[in-house]
Amino acid sequence: MMSDFVQKVLEIVQKIPKGKVTTYREVARALGVPKGWRAVGQALSRNPHPVIVPCHRVIRSDGRLGGYKLGIRKKIQLLTSEGIEVRNGRINLKKFGFRFHNG
DNA sequence: TCATTGGCTATCA
DNA sequence: CTGATAGCCAATG
């Protein structure tokens, strides 16, 4: 069983449109916990819900991919497969960065 | 309950 | 940009 926090994280991550990516910070903010990025990453790592939740569309705020439960390599492969340009293991948030909240 | 960990973020050098 | 430090949140042992 998962806590409400995790449950919410999954729902938000699922809302990430294909071809775009978001950051742990944005997800945390969407949850109502702007300072819960740590918990977001923890929730995803502790709750392997691939297929159901496109966790690969969540990257770090500095533009890097961060990590992936199935392997960073897989993350890059999935992102690139969606049309996202991954340069040197990094992504241009200015171009693919998606925000739940306007602004 | 306390200590540790984790797919992090922001600041300083 | 890289490396190191401090900080905050939740789950696990």
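Residue numbers start from 1 in every chain, and the chains themselves are labelled A, B, ... in the order their sequence lines are given, proteins ahead of strands.
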Roughly, in whole Å, what's the span from CG in A/Asp62 to C1' in C/dG3?
14 Å

Considering only atom P, compute the distance from B/dG7 to C/dA6 and round it to an integer number of Å.
22 Å

Rounded to the nearest 0.5 Å, how far does CD1 of A/Ile84 lie from CG of A/Leu78?
9.5 Å

side-chain hydrogen bond (donor to acceptor under 3.5 Å, both in side chains) pairs touching residues 1-22 of chain A, sequence neighbours excluded, are none

Under 3.5 Å, which donor-acceptor pairs link side chains of residues 91-98 of chain A to any protein atom two or more places apart or in another chain?
| residue | atom | partner | partner atom | Å |
| --- | --- | --- | --- | --- |
| A/Asn92 | OD1 | A/Lys94 | N | 2.9 |
| A/Lys95 | NZ | A/Glu85 | OE2 | 3.4 |

Check for me, please, whether A/Val53 and A/Ile12 land in the same ILVMFWY cluster - side-chain distances under 4.5 Å, paths through other members count.
yes

In short, side-chain hydrogen bond (donor to acceptor under 3.5 Å, both in side chains) pairs touching residues 25-34 of chain A with sequence neighbours left out are none

Please list, for nucleotides 9-13 of chain C, all pairs of protein and nucleotide N/O atoms separated by less than 3.5 Å.
| residue | atom | partner | partner atom | Å |
| --- | --- | --- | --- | --- |
| C/dC9 | O4' | A/Lys35 | O | 3.2 |
| C/dC9 | O2 | A/Ala39 | N | 3.1 |
| C/dA11 | OP1 | A/Ser3 | OG | 2.9 |

Can you measure from CG (A/Leu31) to CH2 (A/Trp37) and round to the nearest 0.5 angstrom?
13.5 Å

Heavy atom of residues 21-30 of chain A under 4.0 Å from DNA chain C: which residues?
none

What is the distance, rounded to the nearest whole Å, between atom CD1 of A/Ile76 and atom P of B/dG7?
16 Å

What distance separates A/Ile16 CD1 from A/Arg99 CZ, expressed to the nearest 0.5 Å?
13.5 Å

What salt bridge (Lys or Arg N to Asp or Glu O under 4.0 Å) pairs are there with at least one residue in residues 55-67 of chain A, not counting sequence neighbours?
A/Arg57-A/Glu82, A/Arg60-A/Asp62

Where DNA chain C forms runs of at least three Watson-Crick or G-U pairs (i with j, i+1 with j-1, under 3.5 Å), the stems are B:2-6 with C:9-13, B:8-13 with C:2-7

For residues 70-77 of chain A, tabulate all N or O donor-acceptor pairs below 3.5 Å that involve a side-chain atom, not counting sequence neighbours.
| residue | atom | partner | partner atom | Å |
| --- | --- | --- | --- | --- |
| A/Lys75 | NZ | A/Val58 | O | 2.5 |
| A/Lys75 | NZ | A/Leu65 | O | 2.9 |
| A/Lys75 | NZ | A/Gly67 | O | 3.1 |

Let's go through A/Tyr24 and A/Ser61 carefully: what are the C-alpha distance in whole Å and the side-chain angles of both, what is the deciding distance for side chain to side chain contact (heavy atoms under 4.5 Å, CB included) to 0.1 Å, and is it a yes or a no?
CA-CA 7 Å; A/Tyr24 298 94; A/Ser61 173; over 6 Å; no

